Q: 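After the structure tokens below, expect a handful of questions from me.
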Amino acid sequence: MATSEDIQTLILTTLDTQGAIENTDSLKTADGNAIPYLAVVGVLNSLASKEMITYTTIERDQFNLTQEGNEIADSGSHEAKVFNAVDPVNGIAIAELAKLLGASAKIGQGKAFKNKWIKKDGDKLVREVESIVDQTQLDALEIRNTGTHSKPATLKDLQARKHVEKVKLISYKVAKGPKFALKIEKQATDLTAEMLADGSWKTQTFKKYNFAGNPPEGGHLHPLMKVREEFRKIFFELGFEEMPTNKYVESSFWNFDALFQPQQHPARDAHDTFFLLDPATSSNFPDKEYVQRVKEVHSHGGYGSIGYGYDWKIEEAEKLLLRTHTTSVSSNMLYRLAQETKARGSFKPAKFFSIDRVYRNETVDATHLAEFHQVEGVIADKNLTLGDLIGFMEIFFEKMGVPNIKFKPAFNPYTEPSMEIFSWHPGLEKWVELGNSGMFRPEMLEAMGLDPDVRVIAWGLGLERPTMIKYGLDNIRELLGHKVDLDMIQSNPACRLDKKMGKELVGKDAVDA
Ligand code: FB9
């Protein structure tokens with residue numbers, strides 16, 4: 001068996017003498033054997049990587065007789081065997097034929113009938129013609145001798161009858177490369193100190209890095225995470241601090257009560273909220289005075305509010321749940337801000353944001369699942385107004401590439417006034433709901449201990465809708481869940497919120513936000 005060195009030398013010397021190799025099939029080893037193409041291509045690749053040669057692949061089909069095909073070429077086709085077995089005069093009993101020819105009998109009869117060589121006569125077969133030409137045998141012989149056949153139809157037919165099989169023959173056309181040489185110059189794989197010292201690096205040829213290998217299978221960021229990064233960038237650019245959202249389980253106190261959401265509010269029953277069974281409750285509330293103030297404002301009001309006038313129960317507030325919004329984190333952060341203000345004795349404005357999962361026991365549909373990612377921004381400063389909120393929304397959504405937004409009065413238990421945010425979507429000729437916003441109520445903020453002139457504006461939107469719009473997905477199950485196509489995950493482009501993206505949704509399907 002020729003070694004790769006032998007093959008290398010054979011190729012280089014042949015190129016040297018003949019200038020080119022039209023077809024490597026012509027290469028023979030010293031003992032005159034052809035060289036298997038797999039051995040050749042290995043050598044060609046290494047010579048090509050050194051730019052000593054260039055080569056192109058030659059593919060051609062070869063047709064080989066199967067074992068049955070060879071029997072036919074040697075001893076005639078099934079149908080010819082049948083014809084020859086039929087006595088020209090007396091014919092032959094069908095049963096007799098089977099004994100005589102075995103498997104050929106059945107196959108041969110069919111074809112001999114079709115060729116009108118024989119016919120049935122009772123339980124016998126008789127000849128219809130004097131003599132026959134066994135074209136099938138001739139065809140098989142032609143293929144054996146030439147590796148193909150003049151009539152493509154015959155090739156097709158004989159392949160169908162499993163007399164012939166097609167094999168793809170690979171060989172190569174080789175030419176000298178820019179760095180052609182008869183001898184392979186040993187290529188260095190590293191630049192060594194010695195080379196630098198003795199200057200041999202100047203003339204030394206270095207082995208090219210072979211990056212051809214399969215790209216390393218790395219992780220892929222889910223589109224949601226790419227859009228999340230875009231939002232995080234916007235918030236950081238605007239000087240916001242990210243809130244710690246690594247606690248999906250929250251107490252009803254921070255998720256609802258601290259936000260002045262009454263205990264009988266429909267969102268607080270299991271139809272809308274996932275309550276925990278075990279542990280069902282938690283009583284580690286920060287300071288009893290604050291809880292008392294929350295109880296007070298819910299039941300009897302205060303801070304200019306009449307409250308809800310119901311009997312607020314700590315048991316309700318202790319119930320653990322999967323947070324229904326990241327506003328539960330905002331309430332906790334604003335309470336800490338109040339604590340820090342008291343401790344520092346002076347108020348310092350704050351800008352917080354959160355982007356993380358929230359859970360709502362809602363009916364799932366094409367754009368809603370029981371969990372989604374909420375994006376929330378909170379700005380706390382003295383004497384902020386609704387104008388500041390509107391102004392800031394314009395800045396924020398401008399950075400998202402969403403100009404000319406509009407506001408529609410809305411209601412949230414924890415903000416007054418509240419506004420839904422809409423943008424006119426040119427592709428859809430329609431207003432798309434972007435999110436919700438408002439000014440946190442004094443019942444929430446002053447109960448925390450923040451001074452009455454400290455105002456907090458806040459707004460929220462989802463991560464799923466912008467991601468679906470940006471990546472041209474019109475069903476949330478294409479984005480999340482077991483039906484997601486992993487190719488989409490592995491091949492989705494980088495996200496640019498402020499730029500139109502390739503498959504960005506336009507027209508009808510982006511509407512039902
Ligand atoms: O994301 C939403 N829409 C949206 C957002 C961006 C967008 O970008 C396009 C690329 C240009 C397109 C659409 N929505 C909010 C609107 C609707 O999708 C809505 O049907 C679904 N909403 C979720 C809640 O569903 C129950 C999105 C989610 C949402 C809604 C409100 C808030 C947060 C998330 C809030 C709040 C809030 C209010 C006041 C104070 C603090 C927080």
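Computed from a predicted model, the values in this text were never measured in an experiment. As the structure lists them, so they are numbered: ligands from 1, and atoms in each ligand from 1.
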Q: Taking both backbone and side-chain atoms of Met400, is any N or O found less than 3.5 Å from an N or O belonging to ligand 1?
A: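 N/O-N/O distance below 3.5 Å does not exist for this pair.
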
Q: Heavy atoms only, cut-off 4.0 Å: how does Phe372 contact ligand 1, side chain, backbone, both, or neither?
A: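 Just the side chain.
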
Q: Heavy-atom distances under 4.0 Å are what count here, so tell me which part of Ser423 touches ligand 1: side chain, backbone, both or neither.
A: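 Neither part.
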
Q: What atoms in ligand 1 come closer than 4.0 Å to a heavy atom of Ile469?
A: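 Result: 9 (C), 12 (C).
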
Q: Is it true that Glu51 and Lys208 have a side-chain N and a carboxylate O under 4.0 angstrom from each other?
A: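 Yes, charged N to carboxylate O under 4.0 Å.
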
Q: Do the charged groups of Glu229 and Lys226 touch, with an N to O distance under 4.0 Å?
A: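 Judged by the 4.0 Å cut-off on N to carboxylate O distance, Glu229 and Lys226 do not form a salt bridge.
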
Q: With heavy-atom distances below 4.0 Å as the criterion, list the atoms of ligand 1 near Ala458.
A: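 Those of ligand 1 that fall under 4.0 Å from Ala458 are 40 (C), 41 (C).
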
Q: Quick one: which ligand 1 atoms are inside 4.0 Å of a heavy atom on Arg360?
A: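 Matching atoms, with element in brackets: 24 (C), 26 (C).
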
Q: From atom 41 (C) of ligand 1, work out which of Glu433, His325, Arg465, Glu376 has a heavy atom at the shortest distance.
A: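 Residue with the shortest heavy-atom distance to the ligand atom: Glu376.
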
Q: With only distance considered, is Val402 within less than 3.5 Å of ligand 1 through an N or O on each side?
A: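 Val402 vs ligand 1: no N/O contact under 3.5 Å.
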
Q: Using a strict 4.0 Å threshold on nitrogen-to-oxygen distance, state whether Asp356 and Arg323 make a salt bridge.
A: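 Arg323 and Asp356: salt-bridged.
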
Q: Do Phe372 and Leu463 have side chains that approach each other closer than 4.5 Å (heavy atoms only, starting at C-beta)?
A: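 They are not in contact (no side-chain heavy atoms under 4.5 Å apart), so the answer is no.
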
Q: Compare every heavy atom of Met448 with every heavy atom of Ala338, then report the nearest pair and how far apart it is.
A: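 Closest pair (atom of Ala338, atom of Met448, distance): CB-O, 3.3 Å.
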
Q: Can we say Lys313 and Glu315 salt-bridge, meaning some charged N sits less than 4.0 Å from an Asp/Glu carboxylate O?
A: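 Between Glu315 and Lys313 there is no salt bridge, as every charged N stays at least 4.0 Å from the carboxylate O atoms.
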
